Each structure stands twice: as C-alpha cells, then as structure tokens.
Amino acid sequence: MSTTVNVKLITENLADELIGAIRRASGVYIMTSFVMLSGVKLLAPHLKQALENGAEVKVLAGDYLFVTQPEGLNMKSESTVVKR
C-alpha cells in the first residue's frame with residue numbers, strides 16, 4: 001500500500017483549507033496544541049460528515065500554555081463527532 005503525503009504551508013484562510021481537505025479525506029488526523037470552543041463549533045459538522053462517509057477521525061489535543069477551553073473539550077466529548 002502506498003501513501004502520499006501532501007505538505008503545504010497555509011498562511012491564511014486555514015478553516016477553508018481544513019474543511020476542503022476534511023471533505024475529501026478517507027482519514028482525518030488532527031494534532032493541535034490546544035482546543036477552543038470556536039474551533040470545535042467550526043469543524044464539528046465537517047468531522048461528523050467525514051465519519052458518516054466512513055472516514056477515520058482522530059484528534060490529539062494538548063493544553064499549551066493552558067489555552068485549551070474546557071467548554072471546547074466538553075462539546076467535543078459530548079458530541080457524536082468523537083467516538084471513544
């Protein structure tokens with residue numbers, strides 16, 4: 001099995017790039033330094049759709065400089081977007 005990795009520097013309109021990539025992906029792996037409620041609200045419907053389309057979705061989040069918002073984690077954990 002061959003895997004192609006596309007690397008691209010994105011300096012603006014990150015949400016548009018992410019949403020477009022999520023729509024096309026068979027697997028979505030997000031690693032982020034922190035989670036904010038606004039970001040979860042923005043990406044959740046697209047991640048849910050990816051799951052419904054059969055994609056594997058995994059998110060790894062840290063708490064860099066204590067920026068992560070508990071509300072974002074709560075929404076993520078209570079959502080049908082994330083399967084445990």
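Numbering starts at 1 and runs along the sequence shown. Bear in mind the structure is a predicted one, so any value in this text is a computation, not a measurement.
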Could you pull out all residues at least two apart from [X] that satisfy side-chain contact (heavy atoms from CB on, under 4.5 Å)?
X     : value
Asp63 : Phe66, Thr68
Leu18 : Leu14, Leu43
Glu12 : none

Taking all non-hydrogen atoms of both residues into account, name the closest pair between [X] and [Y] and its distance.
X     : Y     : value
Met75 : Leu37 : SD-CD1, 3.6 Å
Gly27 : Ala55 : N-CB, 4.2 Å
Val40 : Gly72 : CG2-O, 3.7 Å

Checklist entry - Who else is in the cluster with Met31 when I, L, V, M, F, W and Y are joined by side-chain contacts under 4.5 Å? => result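 Joined to Met31, directly or through intermediates: Leu60.
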
Connected hydrophobic set around Tyr64, excluding itself, where side chains approach under 4.5 Å: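 Tyr64 shares its hydrophobic cluster with Phe34, Met36, Leu65, Val67.
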
Residue set satisfying side chain to side chain donor-acceptor pair (under 3.5 Å) with Tyr29, at least two apart, ordered chain then number -> Glu56

Gln69: what forms a side chain to side chain donor-acceptor pair (under 3.5 Å) with it, not counting sequence neighbours?
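Listed in chain order: nothing, the list is empty.
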
TODO: In sequence, state the C-alpha distance, the side-chain angles, and the governing distance for Asn13 and Glu17, and then conclude on side chain to side chain donor-acceptor pair (under 3.5 Å).
DONE: CA-CA 7 Å; Asn13 300 322; Glu17 294 281 342; over 6 Å; no

| In Å, rounded to the nearest 0.5 Å, how long is the span from NZ of Lys58 to CD1 of Ile30? |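 The distance works out to 13.0 Å.
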
- [ ] Measure the CZ-CD distance between Arg23 and Gln49 for me, rounded to the nearest 0.5 Å.
- [x]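 Taking CZ in Arg23 and CD in Gln49, the distance rounds to 9.0 Å.
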
